[in-house]
Each structure stands twice: as structure tokens, then as C-alpha cells.
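Comments concern the structure below.
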There are 2 protein chains.
Amino acid sequence: MMSSFEVFFDYMQKLSGKTLSEDDKQLLMTHFKPKKLRKRQYFLQAGDVCKYIEFIVKGSARTFTVDEKGHENILKLSVENWWLADFESFYLLTPSRFHIEALEDLEVLQSTNAQIEEYLKAIPAFSAMVNVINQNNAIATQKRMQAAINYTAEERYEELMSTYPHFLQRFPQNMVASYLGLSPETLSRIRKNALK
Amino acid sequence: MMSSFEVFFDYMQKLSGKTLSEDDKQLLMTHFKPKKLRKRQYFLQAGDVCKYIEFIVKGSARTFTVDEKGHENILKLSVENWWLADFESFYLLTPSRFHIEALEDLEVLQSTNAQIEEYLKAIPAFSAMVNVINQNNAIATQKRMQAAINYTAEERYEELMSTYPHFLQRFPQNMVASYLGLSPETLSRIRKNALK
DNA sequence: ACCCCAACTTGATTTATATCAAGCCTACTT
DNA sequence: AAGTAGGCTTGATATAAATCAAGTTGGGGT
């Protein structure tokens, strides 16, 4: 069984293609705080400033809004080896419009913006990792953006099935529907049709 | 009248909060190539690999796909001080699914991925600039993503009016409609209603 | 073991938006 | 100056997806 930090170091070295020295690791361990959350616990409430960013070691979470009608809209579903934050609030220190909630028991490593800045300067593997993440992000959001604007419900579903097939096993169908911007009924019908 | 490079240096220093040395400037000028394109000219054709990234000094462009029915879907409208590329193709060197076309006469500074990597290492202001861009990007795409999934046509229009009000003066209405993921007729009707 | 709630399905109806179609205006082209 | 094409509007109709409304199922808590 790997510790949270072992998982994190492993991830960082693989993604960045660089090695972490013992000093690097010590530095990371002094400021990244391991946290555990139970299913249903909230990381962030709408209205609060998102002061922390978390690396997910184990478990999953959702980022969502609640509109005037009490409708929940899921913007993001996050799993292992992803980063968790409302970036708008995190970078600008404005009150968040989002809630972030654990969907499964969650183990994370938590840091602050100021500490991230320090790591960027001090640890080459860290800043290389961030560059790769930003690249991946640019690619992924460009794709999802196009899907959201131009694709039909069915095409968005197919796209999700090919990109993150495990999402549908792992999360309740109504949450996946919300993530796709669909009503639960519509997703149910699409899946029924897709069985052929 | 500022030269392309003056505009670029100015932008980079403002955004990064750092100063460019004369050496930095020389280095940037040796590898960023000034290019001019006339209205309607293509930067990138779907099927080609996007080998270059461009900083827009003057003018505008659109990034779009053409679907089976010959329908054009605009993913991005880009103006001065923005960067232009299909990032998926640019980073992964895969054939692009997009066309990129000048909407107005265009002046850009062009570079390659390999040179960008060099600049990131060699020029502190450059890498600080990229960090700020990535932050802004994360914020903007998070917003636009939520709008695309959760908002009605009218709300998306209002959002655009408050974020980029000049888009509607600058671009033909049918292109703005496509950018919003709407038919030209729907946008026309929304605007009519919004006049009250 | 039972109950109960939450998740999912299925059908009927409504609503938002696309599509089809026609006409109008304005700016180029010749 | 007339002709024409592209962009915009407006109206009628079609369609995708939401909403409303039951009914079914399955798993967790007591």
C-alpha cells in the first residue's frame, strides 16, 4: 500500500518526466497537508473563497451549482490524480459560485496558492508537471467545449463513453446526466437506445 | 505607431509583471516571425498539423469545423493580444479537426512549439506570462463551459454581452450565433426581445 | 427481515430551439 | 444606376430535450 505522498510523487515524476530529489520531497511534505473526507462532506460551499487546492489520491468529488429552482448542475466530476479547486475563486480570491462535495470517501493532499507559487520556483519537476497539466487541460477543455456547443445529447454521451467509460460505472446516472447537461430521463432513454 | 514586437513586448511585460532585458528581446525577435494575412486567408486547414502558434497583434480570426452537412461551427473567435492555435494538434502533432481563418486583415507573430519551450527556459517574463495566461484560461473556460451546459440561449447571449460586448459590433451576427452554438434566426430573435 | 428512500425507467405533454421558407435591406460588382 | 449576393428578420413548422407524472427496482438502515 502506497502512502498518499508516494502516490503523489509517482504521479509527478511520471507526468513531468523529471526526478524528485530527497530535498524536493521533504519540501513537498512540509506544506502539502494530507486530508480525509467522508462521502457527502463538503470541501467548499458556494459563497466561500476557495483557499485550497487538492490533489486527489483516492476517491471522487463533484463541483456543482444550485440554481434558483434548487436544481443542481454538475460542472465537473473529479477522480484520482486530478486536481480539485474552483480556479476562478482560487486565483482571484473571489467568493465561489460552486459547491464541491465528496462523492466517495476522499484522500487528498491540500495546499494553498502561495505555496504552489513557491513550489513552482523551487522544484523543477513541479513546474514541469504544471506545464503538462496545462497542456492537457487546454486540449481537454477545447474538446469538451466543442461537444457542449455543437453535439447532440447522444453524441455527447458517446463522447463521454469513449473518453471516460468508467464514469458511468462509478457515478450515479443522474449525476452523469447533470455533468452532460442532460435531464436524467433523457440520459436513461439514450442509454436504452444505445443498447442495440 | 508601435511595431508588432513593441506591442508584444508591452503585452508580455504587463501580463507577467516582469521586465524584458535587451537580450530577451533580441532572442524573441530571432524566432518569432511577423506574418500578415489578408481577410479570408486560412492559417490552418482541417487535416493539417498545427505547427505554429501565433500571437495576434492586429485583426481577428475564427476557429471552426465543418460537419457532414456542410454546416460551419465556430469554436473560437480570436482578437488582438490573444493566442491562436489548435492546441490539441499543436501539442500532440495530430491532424487538426479545425480550420482557422482570418476574419479581418491580420498581423501576427508566429512561433513553433520547440521555440516556445526554449523561451520558457530562457526568459523569466515569458514563463511568468504563460502562467498568467494559463490561469486566465482556466477561469475563462470554466465559465464558458458552465454557460454552454447549463444556460439557455438567452443567458448565453447576456453572458457574452457582458464579457465581450465588442464581439457583436465586430463580427457578423451569424458568426456570433455559431460561436454561441445557436442558429442565426434564434440569435436574431433574442436580440429583438432584448431591446426592451 | 422489513421498510423506505433514492435511483432509474417509461409514457405523455410542453417548451426551447432548429429548420424551412420567404422577403427585405445594404453594400458590392459590373 | 441597376443587378445581385449576403446578411438579417420574420413567420410557420418540425424536432430534440425538458418537464411532469407514475410506476418499478434495489440497496441501506433500523
Side-chain angles (χ1 to χ4, degrees), chain A residues 38-41 60 62 64-75 77 101-105 146-161 166-196, chain B residues 38-40 60 62 64-74 77 101-105 146-161 166-196:
Chain A
R38 312 259 326 271
K39 189 174 171 167
R40 305 266 161 81
Q41 269 194 292
S60 59
R62 62 174 178 147
F64 66 103
T65 54
V66 179
D67 66 24
E68 329 75 64
K69 294 173 203 145
H71 237 100
E72 295 182 352
N73 290 121
I74 297 181
L75 180 72
L77 292 170
E101 181 200 37
L103 289 179
E104 301 168 315
D105 289 353
Q146 203 211 349
I149 296 178
N150 297 137
Y151 290 9
T152 63
E154 196 170 337
E155 288 168 331
R156 293 210 296 282
Y157 170 74
E158 297 295 345
E159 157 98 5
L160 180 69
M161 285 299 280
H166 59 285
F167 270 27
L168 263 146
Q169 277 103 58
R170 191 158 178 184
F171 302 115
Q173 196 170 305
N174 58 4
M175 296 213 177
V176 176
S178 179
Y179 172 78
L180 286 170
L182 299 177
S183 70
E185 294 96 331
T186 298
L187 182 56
S188 173
R189 285 185 251 260
I190 286 172
R191 278 167 56 80
K192 191 178 159 195
N193 283 334
L195 284 183
K196 308 174 310 255
Chain B
R38 309 263 324 273
K39 188 173 174 167
R40 304 266 161 81
S60 59
R62 62 174 180 148
F64 66 103
T65 53
V66 180
D67 67 22
E68 333 73 63
K69 294 172 203 144
H71 237 99
E72 295 182 353
N73 291 119
I74 297 181
L77 292 170
E101 181 200 37
L103 289 179
E104 302 167 313
D105 289 351
Q146 203 210 350
I149 296 178
N150 297 137
Y151 290 9
T152 63
E154 197 170 337
E155 288 167 332
R156 294 209 297 282
Y157 170 73
E158 297 296 345
E159 157 98 7
L160 181 69
M161 284 299 281
H166 58 286
F167 271 26
L168 263 146
Q169 277 104 59
R170 191 157 179 185
F171 303 115
Q173 195 169 307
N174 60 3
M175 296 212 177
V176 176
S178 178
Y179 173 79
L180 286 170
L182 299 177
S183 68
E185 292 95 332
T186 297
L187 182 56
S188 172
R189 286 185 252 259
I190 287 172
R191 278 166 56 80
K192 191 180 160 192
N193 282 335
L195 284 183
K196 307 178 307 261

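Chain A is the first sequence line, chain B the second, and so forth, proteins listed ahead of strands; every chain is numbered from 1. What you see is a predicted model, and the numbers here were worked out from it, not measured in a lab.
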For the pair made of [atom1] in [X] and [atom2] in [N], what is the distance, rounded to whole Å?
{"X": "B:N193", "N": "D:dT10", "atom1": "CG", "atom2": "C1'", "value": "12 Å"}
{"X": "B:M175", "N": "D:dG6", "atom1": "CE", "atom2": "P", "value": "12 Å"}
{"X": "B:N73", "N": "C:dT17", "atom1": "CG", "atom2": "P", "value": "17 Å"}
{"X": "A:E155", "N": "D:dA16", "atom1": "CD", "atom2": "P", "value": "11 Å"}

Worksheet item: Which angle, rounded to 10°, do you find between the first-five-pair axis and the last-five-pair axis of the helix from C:dA1-D:dT30 to C:dT30-D:dA1?
Response: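 Between the axes fitted at each end of the helix from C:dA1-D:dT30 to C:dT30-D:dA1 lies an angle of 40°.
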Taking all non-hydrogen atoms of both residues, which atom of [X] and which atom of [Y] are closest, and how far apart?
{"X": "B:S178", "Y": "A:I149", "result": "O-CG2, 4.2 Å"}
{"X": "B:V176", "Y": "B:F167", "result": "CG2-O, 3.9 Å"}
{"X": "B:I74", "Y": "B:F64", "result": "CA-CB, 3.8 Å"}
{"X": "A:A148", "Y": "B:A148", "result": "CB-CB, 3.8 Å"}

Give, for atom [atom1] of [X] and atom [atom2] of [Y], the distance between the pair rounded to the nearest 0.5 Å.
{"X": "B:Q173", "Y": "B:L187", "atom1": "CD", "atom2": "CG", "answer": "4.5 Å"}
{"X": "B:N174", "Y": "B:S188", "atom1": "CG", "atom2": "OG", "answer": "11.0 Å"}
{"X": "B:N73", "Y": "B:Y179", "atom1": "CG", "atom2": "OH", "answer": "14.0 Å"}
{"X": "B:E72", "Y": "A:N150", "atom1": "CD", "atom2": "CG", "answer": "11.5 Å"}

Is the phosphate of [N], meaning OP1 or OP2, less than 4.0 Å from a side-chain N or O of [X]?
{"X": "A:N174", "N": "C:dC8", "answer": "yes"}
{"X": "A:K192", "N": "C:dT9", "answer": "no"}
{"X": "B:Q173", "N": "D:dT9", "answer": "yes"}

Worksheet, complete the sentence: A correct 5'-to-3' footprint of nucleotides 17-30 of chain D, with B, S and - meaning base, sugar-phosphate only and no protein heavy atom under 4.0 Å, is SSBBB---------
